[in-house]
Each structure stands twice: as C-alpha cells, then as structure tokens.
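Quick notes on the structure that follows.
Chain identifiers are assigned alphabetically (A, B, ...) following the order of the sequence lines, protein sequences preceding nucleic acid strands; residue numbering begins at 1 within each chain.
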Amino acid sequence: MANKIKIATASLCGCFGCHMSLLDIDERLIDLVKLVEFDRSPFTDIKTIGDCDIGIIEGGVANAENVEVLREFRKQCKTLVAIGACAIDGGIPALRNGFTLKECLQESYVDGIGIDNPMIPSDPELPLLLNKVQPIQEVVKVDYFVPGCPPSADTIWTFLTELIEGKPISFTYGQIRYD
Amino acid sequence: MSTFQIFYLNGKPIPFKQGETIMDAALRAGEYIDHLCHHPEFRPHGSCRICMVELDGKSVSSCTQPAIANTQVDSSSDEMIEQRRSLLQMLFVEGNHICPGCEKSGDCQLQALAYQNKMLSPHFKHFFPKRALDASHPDVIIDFDRCILCELCVRASRDVDKKNIFCVDGRGINAKLIINSPGGKLGNSHFSADDKAAQICPVGAILPKHQGYDIPIGKRRYDQQPISEVDMDNQEKDQQK
Amino acid sequence: MKICQFTNDIIASFNQQPDMLLQILIKIQRQYSFIPQQAITQLSKELLITEANIISVIGFYAFLHTKARGHYDLRVSHNITDQMLGSVKLTAMLTDKLSVQLATPRKDARVSVDLTSCTGMGDQGPAILVNGKPVVGLNKKRIEIICQLIESGTPVKQWPAEFFQIKNNIQRKDILLSDRSDNGAAIRALLKQGAQKLLQQIEHSNLRGRGGGGFKTGLKWRLCQQATAKQRYVVCNADEGEPGTFKDRVLLTTQADKLIEGMTLCAGVINSDLKRPCKGFIYLRGEYQYLYESLEQVLQKRRDAGLLGKNILGKQGFDFDIKIHLGAGAYICGEESALIESLEGKRGIPRNRPPFPVTKGYKAQPTVVNNVETFINAALIAIHGSDWFKKVGTEQSSGSKLLSISGDCARPGIYEYPFGTSIKQVLVDCGALNTQAVQVSGAAGFTIPVQYFGRCIAFEDIPTGGSFIVFNQQRDLLDMVKNFSDFFADESCGFCTPCRVGSSLLKQLIDKVHQGLASNRDLDEIKKISQLMCKTSHCGLGGSAPSSIMDTLAHFPQLYQQRLKNMNNEPVFDLDAELQQARQLNGVDNV
C-alpha cells in the first residue's frame with residue numbers, strides 16, 4: 001500500500017465536469033485505485049494537500065483563492081496536470097475576459113434582468129476576482145495538458161495509465177478533442 | 001508527350017506541370033498538405049503559413065511556391081509538425097476560440113488541424129480580444145472572435161459573388177474583418193446565405209443561423225477522421241462524379 | 001469649401017483614377033485633419049471602390065484617420081535615437097503642458113499628440129512632426145515655445161524658421177558625395193554608348209542594391225529589360241523607414257538631380273527599344289513630405305532642360321517622366337512589393353513572389369524598384385565607368401556606402417565610406433567613446449558587440465542599408481530591444497500569422513523582461529517565437545523583427561538574466577496587478 005501513487009485533484013473555476021468524466025471510467029476505477037491513492041480531492045473530501053505524485057487541476061484561475069490552491073498544488077505535486085478546456089485556456093468562464101470586471105459584475109448583479117436588491121457583493125469572505133480568468137499555465141508551470149470539455153473517460157484513462165506506467169502519452173485521433 | 005516533372009514529397013514522387021505550386025500538385029496526387037487559407041477554387045493567398053514546408057531545406061509556403069523538379073519537400077518531419085502546431089497555437093490565442101461554446105466544433109478546420117497535429121494546449125499567452133458579434137443578418141451570424149483573417153470570405157465575395165462585402169482593416173494584431181454596408185453591419189449589406197462567401201469560412205466566424213446543432217457534436221466531419229483523410233476522400237468522390 | 005466639393009476637386013485633379021486613392025486621401029487628410037465620412041462616400045461613388053475598402057486603406061496608414069485629429073497634429077518621433085536624446089521626458093512635458101493624452105485629441109480639438117516611428121532625424125533629434133512638418137532639436141525650451149504657439153493659435157507657417165531647419169550634417173565624403181559631374185552627363189553617356197553597353201557597364205561594376213538587400217542592380221535591370229511588357233516602370237524607393245537611417249533624406253536634399261538622372265538612365269536601359277512608354281515614380285515617405293516641393297522643382301527644371309519628358313536630350317522616342325507619390329506612415333512600404341501595392345493606392349501588403357516586380361510589378365508590368373543611393377551610383381557608373389567604380393570598396397562589394405550615424409558619438413551625421421571599412425574606424429571618425437555596441441542596419445539589423453568591431457561594412461561581412469546607431473557603456477541595451485519590439489508590433493502589416501501574432505507576443509514578453517517580471521520560461525518563449533517568425537513569415541519584416549532580440553540574447557545574455565524574477569521555469573504571475581480591478585471595486589485590500 002505504501003508504494004501507491006498519490007493523486008490530488010481540485011476544481012478551480014470549472015464545472016466539475018472533468019471530475020465527473022474521471023468517474024465515467026466506470027469499472028476501471030477499481031483498477032485505478034489498485035494503483036493510486038487519492039489525497040486532497042472532491043472524491044475524498046480531504047481539504048489539505050500532502051506530498052503527491054500527481055496533481056490534477058480542473059478549471060481556470062478566476063480569483064485569489066484559485067491562485068492559492070493552484071500554487072499549493074504546484075508545491076506539493078511532482079507532476080501537475082491541466083485537465084479540460086477551462087484549465088487549459090480559461091474555457092467558457094474566459095468569455096468574460098473581453099470585459100472589465102466592473103462591467104461583468106454590473107451586468108450580473110445590477111443591470112441584468114430580474115435582479116432583486118441590486119448590489120455588487122463585497123463580503124470580505126468572498127475571494128477577490130482576478131481582472132481576467134487565466135489558464136493555469138499563466139500562474140504555475142504545467143507538465144501535462146489533457147484537453148476536452150470534458151475530456152472523455154477514455155482520454156483520461158489513456159492518460160492516467162500511460163502516465164503511471166511512465167510511458168509517453170499517445171492519444172488516438174478521437175481522444176484529442178476541445179469540445 | 002508528357003510535360004510532367006517530378007518532385008518528392010516526404011519521399012514520395014509527385015508529378016507536376018511547369019508553374020504548378022507544391023500544394024496543387026500534391027493535392028492532385030492525393031497527398032494532403034495541411035492548410036487553412038488555401039482553397040483550390042481560389043488564387044493562392046499565403047497568409048496563414050500553416051502549409052509551410054521545407055524545400056531542399058528552405059522554408060517555403062507550399063500554396064504559393066511553384067514546384068521545382070527533383071527537389072525534396074518535407075511536410076511531415078517532427079520539426080514541421082512542431083512548427084505547424086506553433087502557428088495553430090498562435091491563431092488560437094489571437095482570437096477567442098472557445099470550442100465548447102462553438103456551433104462549428106467538429107466541423108472547424110482550425111480545430112481539425114489542431115487535432116491532426118496533436119495540439120494539447122494553445123501554449124502562448126492569450127490576447128482575449130474584445131470583438132463584437134454581428135447577428136443583424138436574418139440568415140447568417142458573424143462571430144468575429146473566431147475570425148482567423150484567412151480572407152476566404154473576402155475573396156469569395158469579391159471574385160465569385162461579385163459583391164465585395166468583406167475586407168480587412170487595420171494592421172498588425174489590430175487587423176480585423178470589416179463589412180461593406182452602412183454602419184458596417186452584415187444585415188445592411190447585400191449578403192445572402194446563398195453566397196459563396198457564406199459557405200467558405202473554415203472556422204466558426206461566418207455561420208448559418210438556425211442549424212447549429214442539426215448534426216450533433218460527435219457526428220461531424222472531423223470528429224472521427226482526420227482532416228487529411230476527409231479532404232482526400234471528398235476529392236476522390238468529386239472526381240468520380 | 002464643402003467637403004463634397006473639395007473631395008470632387010481632388011478626385012478630378014487625379015483624373016478620377018482609383019489607383020490614386022492613397023494620394024487623394026493624403027490631400028483630404030491634410031485639409032480636414034481626418035477623412036470625413038462624406039468624403040469616403042464621395043470617393044466610393046466616384047472611384048468605384050467600396051467604402052469598406054477605402055476605410056481599410058485609411059486604417060492601414062498611420063497618418064490617415066477616420067476621426068478628427070487636433071488642429072495642431074503632433075507626432076513625436078519615437079525611435080531609440082530620439083529616446084537617447086530625451087524624447088520620453090520631453091513628450092511627457094509636452095502632453096502635460098498641453099493637458100492632452102497621447103493618441104486622444106484634446107476636447108477643444110486644438111491639439112493632438114501621438115508617437116510615431118523614426119522620422120529620419122536621428123542626427124538632430126529628438127524630432128516631432130507638426131502637421132507633417134518636422135521640427136528638430138527638441139529641448140525643454142522648444143517644447144515651451146511650441147506649447148505657447150499652439151495655445152495662442154499661431155499658424156505653423158509663422159513658427160520660428162529655425163525650428164524647421166534640417167541640417168545635412170555631411171561629415172565624410174567619398175566618390176558619391178564629392179562628385180561634381182554636370183546634369184545630364186549620365187544620360188549623354190547612355191546615348192553615346194547605347195543601352196546594351198551601358199547595361200554591361202552596370203553589370204560589370206557589380207553595383208548592388210543600397211537599400212540593404214544587396215541584389216545586383218545590373219541583373220535587375222536586365223531581367224526587367226527582357227520581360228515582355230505593355231509598359232515598363234522605374235520606381236525609386238525613397239521610403240527610408242529603417243529606424244536610424246536618414247541618408248536618403250540628405251541625398252534627396254543635395255543630390256536630387258543625380259537621383260533623377262539615375263532613374264532616367266534606368267528607363268533608357270530597360271526600355272531600350274523605345275517602342276513603349278516608360279514611367280517613373282518616386283515613392284517618398286510621408287515623413288519627408290516637406291521635401292515634395294523641392295523635388296518637384298528639380299523635376300520641372302529638368303523637364304525645362306530637356307533631361308526629362310519627351311525626346312530626352314533630343315533622342316526621338318526617349319520619353320520618360322516621373323511622378324512623386326507620398327507614403328503615409330507605414331514602414332512595410334519600404335519592402336518593394338508592398339511599395340508597389342501602395343503606389344497602386346492599396347494597403348501595403350507584400351505580395352507573394354514569384355512573380356517578382358521585374359516581371360510583374362506596378363500594374364502587373366515589369367518594374368525596377370531601386371533605392372535612392374543605388375540610382376545615384378548607377379548614374380556615376382554611367383559617367384565614370386565601371387572600372388572607376390570598382391577601384392573603390394572590396395572585391396564583392398564595389399563602391400561606397402553612406403552611413404547615417406547617430407547615438408552616442410560626438411559627430412553624428414552622414415559618412416560615406418568605401419565598402420570594407422571597419423566598424424572600429426567608423427567609431428573613431430564619428431567620435432564615439434566607450435562604445436558598448438553598435439546597431440547596424442536599423443531595427444531589422446545586427447547588434448554588434450565590441451569583439452566584432454574589427455569587422456567591416458560590406459555585403460560579405462556586415463551588410464547595411466545605412467543605419468548605424470552607437471550605444472555607449474552607460475546605455476541599457478534592453479531599452480533598444482524594447483523600442484524595436486514595440487516598433488515591429490506597430491508596423492507589422494498583419495497579413496501572415498507568425499508576424500501578426502508573433503510580433504505582439506514578442507512585444508509583451510520583452511516588456512515583461514524589461515519590467516523585471518519574467519522567468520526563464522519567458523526567455524525560452526522569446527527564442528521559440530523568434531525562430532518561428534524567422535522561418536515562417538511572409539516577408540522580410542517578420543523575418544528580421546526578432547534580430548535585435550536574438551543578437552542581444554547571444555552577445556549580451558546578462559541583459560536578460562539579470563532582470564529575471566524567476567530563474568526557473570515557473571511563470572511570474574503578478575497577483576497584485578491581477579487583483580487591481582477587484583480592489584478598486586471593493587475598496588478593500590484583502591487577498
């Protein structure tokens with residue numbers, strides 16, 4: 001048990017779709033947990049990260065907390081993986097990048113249709129938003145990219161098994177997708 | 001009497017006629033060279049640089065370079081693939097290519113070439129430009145976020161449709177597609193969904209309305225098969241007709 | 001006068017020719033400080049060019065605008081040589097005193113201030129264009145007076161004459177600048193020897209293009225002569241845009257006759273059968289518009305003397321005349337095929353080659369495009385012979401080369417040297433002390449470190465169009481690199497992917513290094529993008545844009561290394577900067 005590969009996962013500014021897709025490997029999960037042990041992850045509900053072999057990041061970087069989590073992952077993980085469109089290029093949340101933060105918040109919380117009690121939230125508990133949603137590679141060094149929205153279970157399976165076996169990653173044609 | 005001469009593309013002999021470009025000769029011989037701004041029905045343009053190959057070690061764009069007898073042309077070495085990937089990545093970061101939210105996904109040549117060249121991320125820093133969408137036309141929408149400035153619509157509208165509706169304004173990274181109409185909106189122009197220019201966009205910039213998901217994601221042109229095979233199969237079918 | 005009326009008059013003065021669009025736009029811009037919509041509509045109707053097309057031409061040239069500029073439209077020359085002479089502070093002083101933002105006209109429409117690429121005044125900067133007219137030798141006092149003149153509404157014509165006095169600063173003469181031949185001597189030589197013999201002389205002289213390219217002039221002329229044609233064209237490239245060069249300005253000022261002589265000679269050679277008409281153009285960069293009148297006068301004087309126009313020097317059928325076309329702020333138009341596009345009134349996008357201009361140039365007809373200095377040299381060869389010419393210079397680079405010397409030296413200006421002169425010698429002559437590096441051949445050229453000062457100006461060693469900028473030990477060479485990367489991002493025509501995107505990516509990355517916010521990964525990116533641009537760009541601009549970056553990375557790596565924030569491959573992410581908008585909105589400081 002001690003030699004199991006340790007994996008941590010996190011979803012930053014994403015939709016958890018990539019995590020769902022990882023679960024979609026179905027019965028192969030049983031094979032996977034023979035090889036790996038999950039550290040901090042929504043799967044385990046462990047909140048802090050220890051030394052890990054592989055860190056898997058879903059979602060882009062949209063606020064100060066995302067930056068903190070991501071930097072912590074980079075520090076603790078030997079290999080860091082960007083999984084899915086949002087981690088790789090900001091994805092759908094990056095649609096806001098053509099606008100200033102003020103314009104976005106104004107539209108969402110003040111000027112939008114059907115808003116009661118319009119006001120821009122400013123509770124100090126809320127992490128501050130970044131000017132732009134950033135791909136994670138703008139903040140930390142990323143070792144691998146697994147594209148897709150989300151990547152299919154097969155893509156993730158190919159990636160994880162080859163990575164764990166120390167092979168070069170060889171996706172088939174249909175396994176590289178951006179949608 | 002044969003007027004053909006030969007050059008070698010990745011070691012394969014390709015016959016060509018005097019003056020013919022590397023691209024035209026290769027396509028005719030059933031050999032695909034990656035390209036975006038090139039279209040067999042139009043004069044070579046040479047702007048996207050995706051079709052760059054090495055001709056006896058010299059870097060040239062195959063859509064504009066006339067073939068030369070007995071030369072070696074390389075389009076498939078690791079360096080060539082890496083170079084193409086970098087150029088594709090530049091196109092990805094220049095605009096806002098958010099594939100998960102694009103109706104053209106699976107049918108897009110930029111995306112298909114990126115798949116074929118195993119692009120796993122856009123690599124470079126994104127520009128995240130702000131470009132307005134033009135939905136003013138009843139049948140066609142223009143999403144400038146996805147325009148790659150290949151000028152195929154410019155050429156189609158000018159040379160085939162004889163309407164001259166599009167042109168490129170500005171320069172450098174601020175170069176942009178504009179529309180010839182009062183106020184610059186497509187809806188105020190003589191553009192029609194039947195125009196050649198409406199059907200030629202290689203990406204999701206000029207899109208017909210009301211049919212975005214008639215063909216589901218996963219069942220589209222480049223979803224199962226690389227663009228090189230799709231294009232060559234289509235060419236063969238056309239020739240059989 | 002009403003805009004429509006004015007526009008119509010201008011169109012009529014250009015015989016309603018669509019290929020005169022750029023020239024027409026320049027006149028309208030000068031009248032109104034922009035191109036009003038009514039004018040665009042009128043032009044579209046009369047010239048049968050779409051409005052969008054006209055807008056796209058306006059959008060290509062930095063000196064044309066679709067929105068009104070100030071009554072006084074100022075453009076501060078933003079070359080590194082201007083910066084070394086203090087232009088950044090002076091610009092701040094100017095905008096401050098005038099209460100105007102860069103690139104935005106003042107609310108009362110009195111004044112607008114912009115930066116512009118090198119205006120060709122490197123030996124007497126900092127320089128500024130005031131409604132197109134260059135004011136040189138800017139200093140605090142001049143800025144103060146300029147601000148007063150603007151606020152008091154004094155017409156530019158009444159500004160102190162010394163503001164506009166451009167010096168020639170000729171410091172060293174050789175065969176070209178010391179020549180005293182009579183006007184017409186080269187044409188007489190042509191008529192005496194005949195076109196074929198003369199062409200042989202040019203070929204034998206081994207004259208090579210002086211704009212920097214170094215193509216053999218004789219071969220160019222021969223190819224053009226041999227091409228089938230309805231008409232042939234001779235074009236002088238006076239679009240001297242390479243940062244730091246100004247020798248063509250001095251040649252156009254002092255040697256205009258000989259230039260036109262060289263062009264006429266070329267016409268006589270390429271059109272030797274005299275069966276078809278031959279026409280000439282001088283493509284004069286917008287920054288040198290102030291030379292237009294004097295050049296026109298020289299042309300007229302030569303027509304009156306029978307050296308230009310019909311039956312030149314009495315030779316039946318030897319017809320050749322020259323028109324001056326103005327540029328409007330686009331470095332790329334110095335590239336010969338982009339220049340031809342611009343001559344045709346279009347956006348200056350370099351063409352695909354082949355075909356080359358010698359077979360399909362202006363209006364798809366055989367066209368010779370040569371630099372100002374090349375034509376003058378051709379005239380000298382006709383007069384004095386190729387052996388005389390070959391005595392000067394080296395085996396492979398015959399003749400002399402004009403250098404435009406600026407930067408850290410006691411005596412900036414024009415130096416004419418035989419090819420084969422060492423950098424060291426040049427530095428001694430111009431009074432450069434403690435030199436750290438020389439930038440030869442402009443932003444697209446070479447950064448030469450001390451250990452290479454023994455090398456020579458020659459096509460086989462260090463080729464140059466003529467720009468020679470000296471940097472002493474106190475200078476930060478990364479300021480130069482940053483200035484040049486900004487320049488290329490501004491001047492990229494935007495046609496091909498690697499240059500359009502790459503030049504802007506490089507600009508961002510160099511900025512990052514300059515601000516001390518880069519990591520080792522950014523340096524790798526810079527190298528990768530530079531190589532890609534060199535290899536895959538459509539034209540020489542994209543191919544040479546990274547050259548000062550690659551040279552300084554090779555010869556001065558510490559410039560970059562000492563500024564790195566992260567020595568590893570971790571990106572530098574400036575969280576504080578990225579939270580700036582949120583903090584402003586919330587008025588809080590928490591992270």
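- With a 4.5 Å cut-off on non-hydrogen atoms, I148(B) touches chain C through its backbone but not through its side chain.
- For P44(B), the part lying under 4.5 angstrom from a heavy atom of chain C is the backbone only.
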Inset, instruction - Go through the steps to decide whether F495(C) and L149(B) satisfy the test side chain to side chain contact (heavy atoms under 4.5 Å, CB included), and finish with yes or no. - result: CA-CA 8 Å; F495(C) 176 75; L149(B) 297 167; over 6 Å; no
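- Closest of all the heavy-atom pairs between R49(B) and P498(C) is CG-CD, 3.4 Å.
- The shortest distance between side-chain heavy atoms of E491(C) and R171(B) falls below 4.5 Å.
- Here OG of S181(B) is found 9.5 Å from CD of E51(C). Values are rounded to the nearest 0.5 Å.
- Between K125(B) and E525(C), no side-chain nitrogen of the basic residue sits less than 4.0 Å from a carboxylate oxygen of the acidic one, so the salt-bridge criterion is not met.
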Inset, instruction - Let me see the working for L532(C) and L87(B) under side chain to side chain contact (heavy atoms under 4.5 Å, CB included), right down to the final yes or no. - result: CA-CA 8 Å; L532(C) 188 69; L87(B) 290 165; 4.1 Å; yes
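- The distance from the OG1 atom of T50(C) to the CG atom of N164(B) is 5.0 Å, given to the nearest 0.5 Å.
- Note that OG1 of T536(C) is 9.0 Å distant from CD1 of I50(B), once rounded to the nearest 0.5 Å.
- A 6.0 Å sphere centred on NZ of K118(B) holds more than 12 heavy atoms belonging to other residues, nucleotides or ligands.
- In this structure, the portion of I179(B) lying under 4.5 Å from any heavy atom of chain C is its backbone and not its side chain.
- Neither the backbone nor the side chain of F166(B) comes within less than 4.5 Å of any heavy atom in chain C.
- Side-chain contact between Q531(C) and Q83(B): absent, with no pair of heavy atoms (C-beta onward) separated by less than 4.5 Å.
- Proximity to chain B is absent for every atom of R353(C), based on heavy atoms less than 4.5 angstrom apart.
- Proximity to chain C involves both the backbone and the side chain of S86(B), based on heavy atoms less than 4.5 angstrom apart.
- At a 4.5 Å heavy-atom cutoff, S503(C) makes no contact with chain B through either its backbone or its side chain.
- Note that CG of N180(B) and CD1 of I54(C) are 9.0 Å apart. Values are rounded to the nearest 0.5 Å.
- Using a 4.5 Å cut-off between heavy atoms, S537(C) touches chain B through its backbone atoms (N, CA, C, O) alone.
- Around atom NZ of K163(B), more than 12 heavy atoms belonging to other residues, nucleotides or ligands sit under 6.0 Å away.
- Proximity to chain C (any heavy atom under 4.5 Å) is restricted, for M52(B), to the side chain, taken from C-beta onward.
- Considering only heavy-atom pairs separated by less than 4.5 Å from chain C, the leading option among C48(B), S61(B), C37(B), A175(B) is C48(B).
- How far CZ of R500(C) is from CG of L91(B): 6.5 Å, rounded to the nearest 0.5 Å.
- A 6.0 Å sphere centred on NZ of K360(C) holds no more than 12 heavy atoms belonging to other residues, nucleotides or ligands.
- Salt bridge annotation for E54(B)-K535(C): present, with a cationic side-chain nitrogen under 4.0 angstrom from a carboxylate oxygen.
- Residues F124(B) and I529(C) meet the side-chain proximity criterion, which asks for heavy atoms closer than 4.5 Å.
- Between P66(B) and P354(C), some side-chain heavy-atom pair lies under the 4.5 Å cut-off.
- Heavy atoms of Q508(C) lying under 4.5 Å from chain B belong exclusively to its side chain.
- The NE2 atom of H45(B) lies 8.0 Å from the CG atom of N352(C); values are rounded to the nearest 0.5 Å.
- In this structure, the side chains of L505(C) and F127(B) come closer than 4.5 Å at one or more pairs of heavy atoms.
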